Novice: 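Before we start, here is the structure in question, set down as structure tokens.
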Amino acid sequence: MAIATPESYADMLDRAKAGGYAIPAINVTSSQTLSAALQGFAEAESDGIIQVSNGGAAFWSGSSRGDKVKGSLAMSAYAYAVESLYPITFALHTDHCPKNLIDSWLRPLLEIEVEQAKRGEPTAFQSHMWDGSAETLEENIRIAVELLALSKQANTILEIEIGAVGGEEDGIKGDENANLYTTADDAWAAVEALGLGENGRYTTALTFGNVHGAYKPGHVKLKPELLGEIQAEVAQRLGDRLATKVGDKKSPFDLVMHGGSGSTAEEIATAVRNGVIKMNVDTDTQYAFTRPVVDHMFKNYDGVLKIDGEVGSKKAYDPRAWGKAAEKGMAARVVEACERLGSVGSASKQH
Ligand SMILES: O=C(CO)COP(=O)(O)O
Ligand SMILES: O=C[C@H](O)COP(=O)(O)O
Ligand SMILES: [Zn+2]
Ligand SMILES: [Zn+2]
């Protein structure tokens with residue numbers, strides 16, 4: 001098994017929806033965090049999504065280079081080089097792309113993928129997110145329609161965001177009170193403009209108080225039941241038009257949950273019951289990667305790092321020593337995400 005094709009990606013998402021579970025989407029910024037995410041998926045025998053933010057893509061190109069397109073392609077090339085080492089299927093995705101980065105990041109990638117698809121080659125990525133949450137709803141949807149057409153040509157999936165995820169993204173602090181809870185009217189406007197798949201497949205981040213990052217309990221009021229209410233309202237407005245189901249409930253949207261870190265098992269389970277089929281996790285896996293490194297450094301501080309003109313113990317500062325511990329820590333957190341989302345074993349249920 002390997003990197004998803006358009007068909008196996010569609011099947012991955014359909015099986016999640018029909019089976020009432022969600023696929024973890026893990027942000028990666030390096031080959032090590034990518035390896036850790038894949039190791040976690042493999043241990044959980046879970047399907048998975050690997051994603052890169054625009055800052056992550058810049059970092060992938062070399063922290064001193066900062067080329068988002070080349071960094072994204074480097075991440076994809078690395079993933080294609082190692083895919084056969086992992087007995088699971090995973091998709092590659094680019095995370096939040098705001099309006100000011102469409103022309104310098106998202107569109108160039110999609111244009112490359114349109115050409116790849118025309119030649120019958122695998123595309124660099126299998127899905128991309130357009131994040132129009134900082135725009136007016138009209139502008140958000142107008143651009144989504146345009147990008148969905150390009151995404152259809154590339155045979156990729158477009159993720160959109162209706163409402164806004166709070167917290168921090170590439171160091172930008174969102175307005176915590178702005179638009180954090182999507183309304184059914186806004187969600188309906190998206191369906192009216194984008195259709196139900198006939199214009200290209202898309203997934204939707206409807207916001208229900210989500211924030212990026214992990215916060216103290218009580219700081220964030222997540223209302224995952226809101227997703228069920230919006231699904232029901234939009235299903236009713238659709239009438240006889242086709243809508244897929246979660247259990248026996250009509251659920252027109254394939255939903256994405258952002259800000260997975262710091263959410264409780266119960267909040268995640270409710271979101272999944274209401275049609276979430278992809279959940280993004282970054283902050284908690286960043287912490288899980290870095291925490292063992294902190295441990296390693298403190299344990300080995302004397303004589304390794306605290307050196308005055310001496311070399312110290314090579315075995316302890318070899319990046320492989322602490323890097324291995326970091327990967328192990330992050331892989332374990334990825335397994336936990338799979339458990340909470342119910343995706344454990346999903347890789348072995350493919351047909
Ligand atoms: O939504 C995310 C990436 O798009 C991840 O959010 P967290 O950092 O809160 O897990
Ligand atoms: O969007 C939120 C993700 O955690 C990405 O974070 P980043 O933009 O700092 O890489
Ligand atoms: Zn957003
Ligand atoms: Zn996000």
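Both counts, for ligands and for their atoms, begin at 1 and track the order of listing. For clarity, every value in this text was computed on a predicted model and none was experimentally measured.
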Novice: Would Thr156 and Ser151 count as a side-chain hydrogen bond (donor to acceptor under 3.5 Å, both in side chains) here? Give the steps.
Specialist: CA-CA 5 Å; Thr156 56; Ser151 175; 3.0 Å; yes

Novice: With no hydrogens and no angle check, do the side chains of Asn280 and Asn27 hold a donor and an acceptor under 3.5 Å apart?
Specialist: no

Novice: Can you find a side-chain donor-acceptor pair between Thr264 and Glu267 that sits under 3.5 Å?
Specialist: yes

Novice: Does the N or O separation between Asn27 and ligand 1 drop below 3.5 Å for any pair?
Specialist: no

Novice: Go through it in stages, so that I can follow the logic: the residues are His258 and Asn210, the test is side-chain hydrogen bond (donor to acceptor under 3.5 Å, both in side chains), and I'd like the CA-CA distance, side-chain angles, deciding distance and then a yes or no.
Specialist: CA-CA 6 Å; His258 281 253; Asn210 335 45; over 6 Å; no

Novice: Looking only at atom types and distance, does a side-chain atom of Thr207 sit under 3.5 Å from a main-chain N or O of Ala164, one as donor and one as acceptor?
Specialist: yes

Novice: Among all protein heavy atoms in this structure, tell me which lies nearest to atom 9 (O) of ligand 1, with the distance rounded to 0.1 Å.
Specialist: Gly213 N, 2.7 Å

Novice: Numbering the atoms of ligand 1 from 1, which are under 4.0 Å from a heavy atom of His96?
Specialist: 4 (O)

Novice: Step by step, would you call Ser72 with Trp105 a side-chain hydrogen bond (donor to acceptor under 3.5 Å, both in side chains)?
Specialist: CA-CA 9 Å; Ser72 302; Trp105 186 39; 2.9 Å; yes

Novice: Output the list of atoms in ligand 1 that are nearer than 4.0 Å to some heavy atom of Val211, sorted by atom number.
Specialist: 9 (O)

Novice: Starting at CD of Glu139, measure out to NZ of Lys99 and round the result to the nearest 0.5 Å.
Specialist: 3.5 Å

Novice: Suppose we measure from atom 6 (O) of ligand 1 to each protein heavy atom; which comes out shortest, and what is that distance?
Specialist: Gly259 CA, 3.2 Å

Novice: Which part of Asn280 is near ligand 2, with near meaning a heavy atom under 4.0 Å away: side chain, backbone, both or neither?
Specialist: neither

Novice: Should Asn210 be listed as contacting ligand 1, given a heavy-atom distance under 4.0 Å as the test?
Specialist: no

Novice: Is the His212 to His96 ring centre distance short of 6.0 Å?
Specialist: yes

Novice: About how large, to 10 degrees, is the angle ND1 of His258, then the Zn ion (ligand 4), then NE2 of His96?
Specialist: 90°

Novice: Indicate yes or no: does an N/O atom of Asn280 lie under 3.5 Å from an N/O atom of ligand 1?
Specialist: yes

Novice: Please determine whether the number of non-hydrogen atoms from other residues, nucleotides or ligands lying under 6.0 Å from atom OH of Tyr21 exceeds 12.
Specialist: yes

Novice: Which ligand 1 atoms does Asp282 reach within 4.0 Å, using its non-hydrogen atoms?
Specialist: 5 (C), 7 (P), 8 (O), 10 (O)

Novice: Could you list which atoms of ligand 2 come closer than 4.0 Å to a heavy atom of His96?
Specialist: 1 (O)

Novice: As an exercise, identify every atom of ligand 1 less than 4.0 angstrom from a heavy atom of His258.
Specialist: 1 (O), 4 (O)

Novice: Nearest protein heavy-atom contact for atom 4 (O) of ligand 1: which residue, which atom, what distance?
Specialist: Asp95 OD2, 2.7 Å

Novice: Please state which protein non-hydrogen atom is closest to atom 8 (O) of ligand 1 and give its distance, to 0.1 Å?
Specialist: Thr283 OG1, 2.5 Å

Novice: Give the single entry among Val211, Val165, Asp282 that approaches atom 5 (C) of ligand 2 most closely by any heavy atom.
Specialist: Asp282

Novice: Would Val281 count as being in polar contact with ligand 1, using the rule that some N or O on each side must be under 3.5 angstrom apart?
Specialist: no

Novice: Specify the protein heavy atom at minimum distance from atom 10 (O) of ligand 1: its residue, its atom name, and the distance to 0.1 Å.
Specialist: Ser261 OG, 2.5 Å

Novice: Using modelled atom types and a 3.5 Å cut-off, is there a donor and acceptor pairing between side-chain atoms of Ser343 and backbone atoms of Ser346?
Specialist: no

Novice: Walk me through it: do Thr123 and Gln116 pass the test side-chain hydrogen bond (donor to acceptor under 3.5 Å, both in side chains)?
Specialist: CA-CA 6 Å; Thr123 48; Gln116 289 171 326; 5.2 Å; no

